[in-house]
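Notes to accompany the following structure.
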Amino acid sequence: MKSPQLQRYSAGQRSNHWAVVTCFVLAGVSGFALFHPALFWLTNLLGGPQWTRILHPYIGIAMFILFLGMFLMFVGANVWRKEDSAWLGSASRLISEGNAAKMPAVGKYNGGQKLVFWVFTLCLIVLLATGLLFWQAWFAASVPIPLQRIAVLLHAIAAFVLVLGVIVHAYAAIWVKGTLGAMVRGTVSAAWAKHHHPLWYRDQVAGKK
Ligand code: HEM
């Protein structure tokens, strides 16, 4: 018999998430194209070098604003709790044994998901703040060159960390069976919730938000 379904994300939250993913891919492609001559060919995907350079900062700003929407919706569920530290402490066992049932009980998100959420947040703030400093069309003329150079370096580091974070995030979403459906249909099975997020499951069954 099919396990009953629980609502995990609304249509608005899912649209917001996939709009951020679209911006991430476009900002990533244009960013890599500008990062190294070996990747310059990627400019062909965005209408040539001029368009790539014009569009990249605007796509980045769109991503930041859209992520801000997600941040405001999800920050409450990503506040760090003591069970998250316990979960993270046992994460290596989960990876080697693959048995989620032996993990400390967590709420809507586990320690790994929360860590990724805060890494995303930090990276997006650094990307926006540093990107503005060397945006030639608007602000760079009034920023000292040494400061622009530091900003370029931090921008590249934040982008690198964000890409690594997204790889971990997407891999986990695909690896943990039944998770992708949460962001596609908006629902998860009650069995999935009970197994991976028992405290969230308990609240859902009790009718709490
Ligand atoms: C192709 C890439 C991606 C896939 C397959 C994916 C998939 C998912 C899935 C399945 C969930 C639900 C997890 C759950 O409810 O337990 C989720 C949540 C989330 N995703 Fe993604 N995602 C991707 C890229 C991104 C990107 C680029 C960002 C932002 C930079 C992002 C930010 C988030 C956030 C903030 C959540 C809510 C979970 C939390 O707050 O910890 N995702 N994603």
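Note that the numbering runs from 1 along the sequence shown for the chain. Remember, it's 1-based here, ligands and their atoms both numbered in the order they're listed. Values below: all heavy atoms of this structure, side chains included; hydrogens, waters and symmetry mates excluded.
By the criterion of a separation under 2.8 Å, the protein N/O/S atoms near atom 21 (Fe) of ligand 1 amount to His17 NE2, His169 NE2.
Scanning the protein for heavy atoms near atom 40 (O) of ligand 1, the closest one is Asn78 ND2, 2.7 Å. Atom 4 (C) of ligand 1 has as its closest protein heavy atom Trp18 CH2, 3.9 Å. In this structure, the protein non-hydrogen atom closest to atom 28 (C) of ligand 1 is Phe120 CE1, 3.7 Å. Looking at atom 10 (C) of ligand 1, its nearest protein heavy atom turns out to be Thr179 O, 3.4 Å. At the top of the distance list for atom 35 (C) of ligand 1, counting protein heavy atoms only, stands Phe117 CD1, 3.7 Å.
By the criterion of a heavy-atom distance under 4.0 Å, both the backbone and the side chain of Gln113 are placed next to ligand 1.
In summary, the atoms of ligand 1 found under 4.0 Å from a heavy atom of Phe74, numbered by their order in the structure, are 37 (C), 40 (O). The distance from ligand 1 to the heavy atoms of Arg8 drops below 4.0 Å at these ligand atoms: 14 (C), 15 (O), 16 (O). Per-residue contacts place Leu180 under 4.0 angstrom from the following atoms of ligand 1 (heavy atoms of the residue considered): 5 (C), 10 (C). Below 4.0 Å from some heavy atom of Phe24 lie the following atoms of ligand 1, by number and element: 27 (C).
Donor-acceptor pairing under 3.5 Å is lacking for the side chains of Thr43 and Trp51.
Not a single ring-ring contact (aromatic ring centres under 6.0 Å, His included) links His195 to another residue, sequence neighbours left out.
Taking only nitrogen or oxygen atoms, main chain and side chain alike, Tyr9 reaches within less than 3.5 Å of ligand 1.
One hydrophobic cluster, built from ILVMFWY side chains closer than 4.5 Å, cannot hold both Leu55 and Phe134; they sit in different ones.
Between Asp84 and Tyr109, the closest side-chain pair of non-hydrogen atoms is not below 4.5 Å.
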